[in-house]
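Heads up: the structure comes next, in structure tokens.
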Amino acid sequence: MLRVVLAEDSVLLREGLVGLLERFGHRVLAAVGTAGELDAATLEHRPDIVVTDVRMPPGFTDEGLRAAVALRGKLPGLPVLVLSQYVQRAYAEDLLATSDGTGVGYLLKERIGHVEEFVDALRRVAEGGTVVDPEVVRQLIRHRRDPLARLTARELEVLALMAEGRSNASVAEALHVGEGTVSKHFGSILTKLDLDISHATNRRVLAVLAFLRG
């Protein structure tokens, strides 16, 4: 069971999410409609994870995201799953830049309709994983710039799957190769992206960050 604080300005969607989360055995500590309420509820309840919309009152721009980023500054390591109506690369970048990119997720709202995928993403983020919506990944690939141009087509496939939050075993299964092959590709990716991993605790997150910022 996860203890959740939920922020969504649409009453219908908010109540639907509460019902969905409770159906899977999670406990919604607070369900709010503004960024200010999100901040207060999170500091009061100290949940296992925050689920928030990006655009919230009063400006309906990025209030929910900014509140989530600020909360991760106040409560280091706080897992946050952000929901967005549209693909916004900058939103994903800002979120992943907090707390070394661990325990964060960026999903399109349409992903909620894939109930099992959504609940699995919630669990992975709560456990410290990084989850990026597959559609966001596809758009980033289409608009990639150096240093990603250094990667082979197969290495881009590996990195894209990792950006979705997959384990090496899951990547290997998706590509029909062995885990050893995935590890070799990942080593090559780190080298080509010039990532300093000597003191890194999460090399996968560094690679994903480079991928999103490429």
- [ ] Give the minimum heavy-atom separation between G64 and A35, together with the two atoms involved.
- [x] N-CB, 4.5 Å
TODO: Using a 4.5 Å cut-off on heavy atoms from C-beta on, say whether the side chain of F60 contacts that of D9.
DONE: yes
Task: Heavy-atom closest pair, residues S84 and D53 - done: CA-OD1, 4.5 Å
Task: Heavy-atom side-chain proximity of L161 to L175 below 4.5 angstrom - done: yes
TODO: Report whether Y106 and V125 are members of the same hydrophobic cluster (ILVMFWY, side-chain heavy atoms less than 4.5 Å apart, transitive linking).
DONE: no
Open item on the list: With side chain to side chain donor-acceptor pair (under 3.5 Å) as the criterion, how do E8 and T52 come out once you've worked through the C-alpha distance, each side chain's angles and the decisive distance to 0.1 Å?
Closed with: CA-CA 6 Å; E8 166 59 54; T52 182; over 6 Å; no
Task: V177-V171 co-clustered via ILVMFWY side chain contacts under 4.5 Å - done: yes
Open item on the list: Can you confirm whether E155 sits close enough to K192 that some side-chain heavy atom of one is under 4.5 Å from a side-chain heavy atom of the other?
Closed with: yes
Task: Check: L65 main-chain N/O paired with R55 side-chain donor or acceptor under 3.5 Å - done: no
TODO: Answer yes or no: is there a side-chain heavy-atom contact under 4.5 Å between L43 and K74?
DONE: yes
Task: Atom pair CG (D48) and CD (E127), whose distance is rounded to the nearest 0.5 Å - done: 11.0 Å
Open item on the list: Can you tell me how far apart CG (L108) and CG (D133) are? Round to the nearest 0.5 Å.
Closed with: 4.0 Å
TODO: Report yes if the side chains of K109 and L13 come closer than 4.5 Å at any heavy-atom pair, otherwise no.
DONE: yes
Task: Atom CD of E173: over 12 foreign heavy atoms under 6.0 Å - done: no
Task: Beyond-backbone contact of L38 with L71, side-chain heavy atoms, under 4.5 angstrom - done: yes
Open item on the list: Does any part of the side chain of R111, heavy atoms only, come nearer than 4.5 Å to the side chain of L83, both counted from C-beta?
Closed with: no
Task: Value rounded to 0.5 Å, distance of CD1 in I49 from CZ in R123 - done: 11.0 Å
Open item on the list: Does V5 form a side chain to side chain contact (heavy atoms under 4.5 Å, CB included) with V51? I'd like the steps, not just the answer.
Closed with: CA-CA 6 Å; V5 165; V51 178; over 6 Å; no
TODO: Say whether V54 and V132 are linked into one hydrophobic cluster, either directly or through other cluster members, by side-chain heavy-atom distances under 4.5 angstrom.
DONE: yes
Task: Pairwise distance OG(S188) to CG(L159) - rounded to 0.5 angstrom - done: 11.0 Å
Task: Euclidean distance, R154 CZ relative to T181 OG1, rounded to 0.5 Å - done: 9.0 Å
TODO: Decide whether L122 and V50 are clustered together by the hydrophobic rule: side chain heavy atoms of Ile, Leu, Val, Met, Phe, Trp, Tyr closer than 4.5 Å, transitively.
DONE: no
- [ ] Applying side chain to side chain contact (heavy atoms under 4.5 Å, CB included) between P47 and each of V4, L75, T42, report the one that passes.
- [x] T42
- [ ] Give the cluster check for M162 versus V131: same hydrophobic cluster or not, with ILVMFWY residues linked at side-chain heavy-atom distances below 4.5 Å.
- [x] no
Task: R72 side chain reached by V80 side chain, heavy atoms, under 4.5 Å - done: yes
Would you be so kind as to tabulate the donor-acceptor pairs closer than 3.5 Å made by side chains of residues 21-32, with sequence neighbours excluded?
residue: H26; atom: ND1; partner: L2; partner atom: N; Å: 3.0

